[in-house]
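This report concerns only the one structure given below.
Sequence lines set the chain letters: A, B, ... in the order given, protein chains first and strands last, and positions in each chain run from 1. Since the model is a prediction, treat every value here as computed from it, not as a measurement.
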Amino acid sequence: MMSEIQLAGFGGQGILFAGKVLAYCGMLADREVSWLPCYGPEMRGGTCNCSVCLSDEPIGSPVVESPDIIIVMNEPSFAKFIDTVKPGGYAFIDNTLVEAQNTRTDIHAFAVPATQLAGDNDLAGGANIILIGKLIKETGIISMDDIEAAIRKIVPAKKEKLIENNLKAIKIGYDY
Amino acid sequence: MKGNEALAEAAVRAGCKCYFGYPITPQTEISAYMAKRMPRCGGVFLQAESEIAAVNMVYGAAASGVRAMTSSSSPGISLKSEGISYIAGCDLPCVIVNVQRGGPGLGGIQPSQSDYYLATKAAGHGDFFMLVYAPSSVQEMADLASRAFDDADKYRMPAMILSDGLLGQMMEPVSFKDHENPPDNKEWACVGHKNKRPHNVINSLYLKPEELEASNIERFKKYDIVKKELHLAEEYLTEDADIIVTGYGAAARIARSAVNGARAEGIKAGLIRPITLWPFPEQAYAKAADTAKVFLDVEFSMGQMVDDIRLATSCRRPVRFFGRTGGVIPTTAEVLEQIRRIAKEELK
């Protein structure tokens, strides 16, 4: 089975980091993984995206054309990627920042006010991980054990507070 | 790890002691990694004032017998070609990394494979070749960088890692193998003779044509040995294949997925992936041409490796081409469509 995931938003929202967390989870679950950032002119314009593939077979192209799952954290990313999701796929939308409504009925779309939730819980910058929490609950492609291990692996051990915050963010998203 | 970082770490582990670079997208992570890593392992990191300066620093370091590397992306490699020719003319080992982007000119910054001719045929002026390696994964970015240092020393010639923006920027899991310390047996190196032996001279200037001719003939004798000993290719499902899809580096990943797709539809497709581009693994193609009916070459370019496939197969089979260029990445679906079309039109 292959899961292709597209994450997109503004620079600074932790899009690349969230993608890295997902890729690490795949690695911990002994799956083939790839992570590809945008590094082109769109990056210079302030928007940012990355593609993550999790697969049981060796991965060919790391470029994601029609994702199974998208996480979108701003209006331009929503407009750009919502129509690319495979029928039956999932969209996780930060509706604190995205006003547009999903009109597709052939995908599972979840609007989560992630930025609002992050602010309310003193987790500024944690909206990305809140959305990952929701993704874990709805898609089941990653286990809670793996996500915790991945966060502990990526965030430096000396930043214990950051690790706690990320784990808290996962739970908020999962329970939303 | 990113492909660029994996390559840099492998270079350090292979005994690279001097890195000279100049920033350019999409290879700058190599410089950034070396800037952090080199001072901690007793090596030298230096950001030169230009690509030309960087390659000439490699020239000097290599002449003193040290494992040295520089890296750049396509336009920067053009600038380095004078220095590469001098290094080859002096029979010096070094590693040059090209994380290709679209061209010609400043082109773009997206992944491309349009420097195949530059790497394998025209790395600079004069009668010479470089070893050219084409990694296809982050793991191979590491493994081939390590191997390139060993082979460059073994044959006393420059080696190029021909990568692209996709492999440089993407992350995949990677593991590093133990690497034996490079042997300290470079008797030709300029390290000070201490009045105990004659001077070693590193020079590419021969004003007498007969002497230059003799040195070139000597170098080409070495190339004959290299061609016999070093020709790496991966063959996948080729034995019963009617259609051989082929491509190097990142293009081979997409070609492989398309081959799997074709097999699922009952089309007998296989893959040849050259790992060394010079020497070109002609043997794999010649063998496949005995049984396969048609070849399909897939590149991120207008078609540069296609000539070498025709030569390797002595034009015994048609060689079709599909490529996207300028930084556009072909999709698996596009390549599969080409395989289907060939199966329908050319296999009866």
- Message: Which one wins on heavy-atom pair count under 4.5 Å against chain B: A/C53, A/G26, A/S34, A/C50?
- Response: A/S34

- Count the heavy atoms of every other residue, nucleotide or ligand shown that sit under 6.0 Å from CD of B/E265, and state whether that count exceeds 12. yes

- Query: Nearest heavy-atom pair of B/S257 and A/G60: which atoms, and what distance?
  - Reply: OG-CA, 3.2 Å

- Please tell me if the side chains of B/Q169 and A/C38 come closer than 4.5 Å, counting only heavy atoms from C-beta onward. no

- Distance from A/Y39 atom OH to B/L166 atom CG, nearest 0.5 Å? 7.5 Å

- Message: Once rounded to the nearest 0.5 Å, what's the spacing between atom CZ of B/R256 and atom CD of A/E57?
- Response: 10.0 Å

- Might you confirm whether atom CG of A/D122 has over 12 heavy atoms from other residues, nucleotides or ligands at distances under 6.0 Å? no

- Kindly check if the number of other-residue, nucleotide or ligand heavy atoms within 6.0 Å of NZ (A/K171) is above 12? no

- The residue among B/T331, B/V335, B/I254 that forms side chain to side chain contact (heavy atoms under 4.5 Å, CB included) with A/S61 is B/I254

- Query: Is the number of heavy atoms from other residues, nucleotides or ligands within 6.0 Å of CD (A/E164) greater than 12?
  - Reply: yes

- Message: For A/M2, is the CE atom crowded, meaning more than 12 foreign heavy atoms sit under 6.0 Å from it?
- Response: yes

- Note on the structure: The interface call for A/V33 against chain B, heavy-atom contacts under 4.5 Å, is both

- Message: Determine whether a donor-acceptor pair (N or O, by modelled atom type, separation under 3.5 Å) exists between the side chain of B/R253 and the backbone of A/I59.
- Response: yes

- Query: Are B/E172 and A/W35 close enough that some pair of their side-chain heavy atoms sits under 4.5 Å apart?
  - Reply: no

- Task: Identify which of B/G3, B/P26, B/A333 forms the greatest number of heavy-atom pairs closer than 4.5 Å to chain A.
- Result: B/P26

- Query: Which atom names give the shortest non-hydrogen contact between A/L36 and B/M170, and what distance separates them?
  - Reply: CD1-CB, 3.7 Å

